[in-house]
Structures are given as C-alpha cells and as structure tokens.
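Note that these values count all heavy atoms, side chains included, but never hydrogens, waters or copies made by symmetry.
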Amino acid sequence: MADDKKLTTRTEDFSAWYNELVLRSELADYSPVKGSMVIRPNGYGIWERMQRTLDDMFKATGHQNAYFPLFIPQSFLSKEAQHVEGFAPETAVVTHGGGKVLEEPLVVRPTSETIIYHMFAKWTQSYRDLPIKINQWANVVRWEMRTRLFLRTLEFLWQEGHTAHATEAEAETEARLILGLYREFMEGWIAMPVITGQKTESEKFAGALRTYSCEAMMQDNKALQAGTSHNLGQNFAKAFELQFQAENGEQAFAWNTSWGVSTRMVGGLVMTHSDDNGLVCPPRLAPIEVVIVPIWKSDEERARVVEAAQKVRIELTEWTGRGATDRLRVTVDDREGVKPGAKYYEWEMRGVPLRLEIGPKDLEKGSVFSARRDMRAKAALPMAGLPATVATLLETIQGDLLAAAKARREANSHRNVTSYAQFKEIMEGPGGFVYTGWNGDPAIEAKVKEETKATIRVIPDPEFRSAEAPRTCLVTGEPAKHEVIWAKAY
RNA sequence: CGGGGCGUAGCUUAGCCCGGUAGAGCGCCUGCUUCGGGAGCAGGAGGUCGGAGGUUCGAAUCCUCUCGCCCCGACCA
C-alpha cells in the first residue's frame with residue numbers, strides 16, 4: 001500500500017522507472033493509438049520553455065520561422081535516393097481523401113527536406129537570393145516499430161531548420177553554428193552535458209553529406225542522440241533543382257543544411273536528472289520553479305499563513321531582478337484536506353526545483369523554510385531579500401545539476417581501452433562511453449554492433465578527445481584513423 | 001514480425017484451476033476531527049468482468065475466435 005506510492009527504483013528496473021515517472025509526474029500519457037502519446041500540461045510546459053529558448057537563439061542568428069505543410073507528394077520523397085531509402089519504410093501514407101482514392105498518395109512528413117527544397121528552388125534565381133535560413137516548428141510522423149514515451153513515438157514535435165547557401169564553406173559554418181547552439185542550450189538549460197562530433201557513414205542522416213550530433217549519457221549509461229545538424233551538400237539541391245546564378249554568371253547548385261531537436265529532449269531531461277522520488281527538472285525549464293506550501297493547525301493560523309504565502313508569491317513574481325519578462329514562476333498550494341507531507345511528495349514527483357514552507361514559526365522568525373528538489377537539502381531563508389535569494393538558489397541548482405551530470409558521465413566514460421575483450425566486458429557490464437581507436441572501416445563498426453550492441457555514437461570534436469590519441473583500432477589493431485566513442489544507444 | 005506478460009470501478013488488483021447474486025486497497029464525493037514528510041472516523045457514488053460466438057438451467061470463471069495494451073529483441077530523432 002505504501003509501496004504503491006513509490007516508483008520502481010532505477011536500480012530495480014530503469015525502464016519501468018522511466019515509464020512510471022513520466023506517467024506519475026503527468027508529463028505525458030498514452031493515447032488510444034498505439035505508439036503515440038498525449039503531452040500533458042506539465043510536460044508541454046517544459047517543451048514550451050525549450051521552444052522559446054531555442055526560438056530566440058535561432059532568430060538571434062538570423063533565422064526566420066515559416067510553416068510547410070504536413071502532406072508531401074509521395075514522388076517527392078523518391079527524388080533523393082538515400083533519403084527515400086532511409087525514410088520510406090517508416091512513412092505513413094494517405095491514400096484516400098474526401099471519400100475518393102487520391103491520384104497520387106500523400107506522405108505524412110517524416111521530415112521536410114523534400115517539400116522545403118522544392119519551394120526554395122522556386123524562390124531562388126540569383127546568389128542575391130541566398131542564403132535562405134528558415135526554421136519551422138512542426139509535428140512529424142515516423143512509423144516506428146518499437147516506441148517509448150518521448151524517446152520514440154509515432155508522432156513527435158520538433159523544430160527543423162533548413163538553409164540554402166551559395167558556398168560549401170557557408171553551409172558547413174551554418175551546420176557547425178547550429179550544433180554549437182544546441183550544445184549551449186542542452187548544457188545551459190537542460191543541464192545535460194553533451195559530446196559533439198560527427199556521425200559515421202552508417203549513422204548519418206539519409207541524404208546528408210555529413211551529420212553532426214550532440215550525444216548525452218543517461219543514468220543507465222546509455223547514449224541519447226539529443227540533436228543533429230546536417231551538412232546536406234548539394235544532394236537535395238540537385239534532386240530538386242535548387243540552382244542559382246552565381247556572381248560569375250554561371251548556374252550553380254545551392255548548398256543546404258538541416259538540423260533538428262525534438263520532444264525527445266524531454267526524455268533526456270528526465271533520464272539525466274531524475275531520481276527515485278520522481279522528476280527533477282532544471283529550474284530554467286521548469287514550468288513552476290517554486291511551490292509555496294503554507295502550514296497551519298487552526299483556522300486562524302490558516303488564514304494568516306495563507307495570506308503570508310500569497311504575499312510571498314506576489315513579492316517573488318513581481319520581482320524584476322531577472323529582467324522584466326523573466327519573472328519567477330511560483331505557485332501556492334493552499335489546498336485544504338491535503339496534509340503538507342502529501343503535498344511535498346506530490347511536488348517532488350512533479351519535479352518542482354524549490355519548495356518553500358511557510359508556517360506560524362516561520363512568520364515569527366521572519367523566514368521561510370526551503371527544500372531543494374535536487375539534493376533534498378533544507379534551509380531557512382530570511383524573508384528580507386527573498387526574491388534575490390531564491391533566484392540565486394535556483395541558479396545554483398541549475399549549475400549543480402550540470403556539474404553532477406558531467407561528473408556522472410565522466411565517471412562512466414572509459415578511455416585507453418585497447419583490448420576488444422575488455423571492451424566487451426564493459427559493454428556486457430556497466431556500459432558507458434568507451435573511447436577507442438577505429439580504422440574507419442564500416443565493416444568493423446557493423447561487427448562490433450552485431451557482437452556487443454554498441455555503436456559508434458560519434459567521432460568526437462577535438463575538445464572531447466583523449467589527451468593522447470589512440471594509435472590502434474580497437475578490433476583490428478591496425479593504425480587508428482579516428483578516435484571514436486562507443487555506447488549502447490536509445 | 002519473434003519472445004514474454006496482461007485486459008475485472010479512475011488506478012492497483014482478488015476471484016478463474018474446481019461455473020452458482022462481483023470483492024478489496026488506493027483514489028473520488030459528503031461531514032466532523034486533523035495539518036512542520038504520504039491523516040483518522042463515519043457515510044456514499046462508481047462495474048455491459050476488452051469484444052464476439054459457443055457449452056450450460058446458470059459463465060469473470062470452461063471452449064473457439066478476435067481486438068487492444070505493455071515489456072524484451074530486429075529499424076530509428
């Protein structure tokens with residue numbers, strides 16, 4: 001009975017823990033259609049904050065939002081060979097409309113490269129029309145066989161950026177710029193440290209020249225690909241005749257990039273920080289940063305503490321120390337008939353970063369009692385100057401979450417692994433990120449995947465590479481072409 | 001698609017083997033007492049037992065078919 005209230009613990013069953021947490025914290029719920037889900041206000045609130053932050057970043061770097069339609073002519077998907085090969089198996093196709101069989105079936109977009117570059121082609125004549133830098137917030141559908149709340153569902157929400165440039169160098173700069181923005185967002189807001197780098201041929205986006213990605217480590221030591229940015233080269237430009245007249249008068253194909261992050265990041269947030277008591281949400285993304293729980297015995301006390309709690313809420317929300325538009329997000333839980341302890345558990349499950357308790361004793365002392373969600377540390381805070389104190393504390397929590405996640409990742413990263421036997425031992429046991437040399441042969445990558453389920457998550461960017469580069473390939477012992485990071489992945 | 005679970009009240013489930021008026025806990029509603037870590041008492045509402053067929057005097061229970069969901073594997077943000 002008391003056990004009903006507790007989550008399955010992470011060590012018992014990580015997967016069950018995750019599912020129960022997502023449902024119990026009311027981030028999402030299963031919808032009647034297998035593999036799809038409803039994002040509830042608590043989860044959508046996090047997504048809205050993600051959207052707002054990223055949207056500002058995109059606009060600050062010269063991108064504009066637009067919207068392209070859900071339905072794509074089936075023939076469009078086929079125009080880029082690798083693209084159709086990659087996505088055809090997982091598309092939903094509309095064959096009927098208005099009670100009639102359609103002349104050409106419509107594909108529900110699994111991603112929008114085809115329709116967008118078709119339109120870009122229409123809008124581009126001269127190099128003066130470039131670059132085009134567009135972003136859209138949309139839903140996409142990929143008919144996955146195996147689904148998981150937030151991490152892989154039939155339909156999900158994301159943003160997809162699409163750009164067209166006159167030169168390869170410019171496209172490359174763009175793809176890299178966005179990768180940097182993603183990293184900044186994931187570390188600064190989700191407090192989820194990521195490793196950036198390039199995907200191998202077998203893991204790159206269908207139709208891309210190169211794919212860059214942000215890889216995070218979850219608490220079960222598995223990797224989560226949290227965002228990707230692609231240099232598409234001229235592959236789509238050629239398929240969709242996206243050409244322009246260059247300064248020298250010659251016709252040339254444009255260079256494209258595309259990049260996206262999705263509601264999957266909410267799953268990453270959950271699996272990076274949360275504990276056996278429920279969600280731990282980083283303050284910057286928390287729909288509610290502070291919950292105030294008034295504590296009373298008598299009706300007379302109730303009136304006093306609730307009034308005091310509301311005054312504190314107003315003082316906090318009216319404070320402009322973080323800027324006029326970035327107010328503290330505070331709620332008061334003054335429900336009657338629910339004991340304070342029950343409220344604590346409930347808000348902890350929902351991931352609210354900071355709880356303030358206000359009871360008669362606190363009023364006497366001119367203080368409020370605080371409890372941090374992340375480490376469950378408690379302290380009295382003086383009422384005087386409370387907004388600034390709270391804001392600072394929230395930033396401290398934000399920073400501590402990132403530091404803790406980074407420490408966990410490093411503690412579960414293995415460098416200097418040169419023996420394949422040792423590699424297998426790690427993958428069969430604790431898992432984690434394993435840095436090794438690789439001869440660059442896709443066949444070796446496939447063999448390791450077959451034997452261990454681990455894949456090359458990324459060829460890391462220089463700052464993540466080991467101080468001393470591995471000299472030999474993990475499997476063959478041949479000279480290493482790259483240092484790579486292996487892990488089992490979501 | 002292969003393997004494993006499971007469909008009984010909003011949730012978790014007992015009952016099924018061995019057929020005989022559908023039970024409990026949590027949650028919900030009302031009232032009183034409570035309230036600094038998951039409250040107590042009293043009263044109350046809530047079920048075509050996933051669906052269809054069959055066997056039977058009688059089916060949640062036995063038989064056949066079917067639908068759906070979850071988990072684990074082969075594809076993927």
Checking side-chain hydrogen bond (donor to acceptor under 3.5 Å, both in side chains) against Asp55(A), which of Arg52(A), Lys59(A), Gln51(A) comes through?
-> Lys59(A)
Candidate list Arg24(A), Arg376(A), Lys343(A), test salt bridge (Lys or Arg N to Asp or Glu O under 4.0 Å), partner Glu348(A), passing option | Arg376(A)
Indicate, yes or no, whether a donor-acceptor pair under 3.5 Å links the base of rG36(B) to the side chain of Lys343(A).
-> no
Pick base, sugar-phosphate or nothing for Gly260(A), based on heavy-atom distances below 4.0 Å to the nucleic acid.
-> nothing
Write down the distance separating the P atoms in rA24(B) and rG15(B), rounded off to the nearest Å.
-> 15 Å
Taking only residues two or more places apart in sequence, or in another chain, which ones meet Lys424(A) in a salt bridge (charged side-chain N to carboxylate O under 4.0 Å, His left out)?
-> Glu451(A)
Represent RNA chain B in dot-bracket notation, 5' to 3'. Only Watson-Crick or G-U wobble pairs with both distances under 3.5 Å count; pseudoknot-style crossings use [ ] and interstrand partners use |.
-> ((((((((.[[[[.)....(..]]]].((((((.....)))))).....[[[[[..)....]]]]])))))))....
How far does the P atom of rG20(B) sit from the matching atom of rG2(B), given to the nearest Å?
-> 36 Å
Side-chain N or O of Ser15(A) less than 4.0 angstrom from OP1 or OP2 on rC72(B)?
-> yes
Does a side chain donor of either Thr111(A) or Arg109(A) reach within less than 3.5 Å of an acceptor in the other side chain?
-> no
Regarding the side chain of Lys453(A), the nearest nucleotide among rA74(B), rG36(B), rG38(B) is rA74(B)
Which nucleotide, rG36(B), rG38(B), rG37(B), lies nearest any side-chain atom of Ile295(A)?
-> rG36(B)
Measure distances between side-chain N and O atoms of Glu357(A) and base N and O atoms of rG37(B), and say whether any donor-acceptor pair falls under 3.5 Å.
-> no
Provide the full list of side chain to side chain donor-acceptor pair (under 3.5 Å) pairs with a residue in residues 275-300 of chain A, sequence neighbours left out, each pair given once.
-> Arg10(A)-Asp276(A), Asp275(A)-Arg373(A), Arg284(A)-Glu395(A), Glu289(A)-Arg322(A), Glu300(A)-Arg304(A)
Whole-Å P distance, rU55(B) and rC72(B) = 42 Å
Is the closest side-chain donor-acceptor distance between Glu26(A) and Asn42(A) under 3.5 Å?
-> no
Within the structure shown, what part of the strands sits under 4.0 Å from Arg376(A) by heavy-atom distance: base, sugar-phosphate, or nothing?
-> base
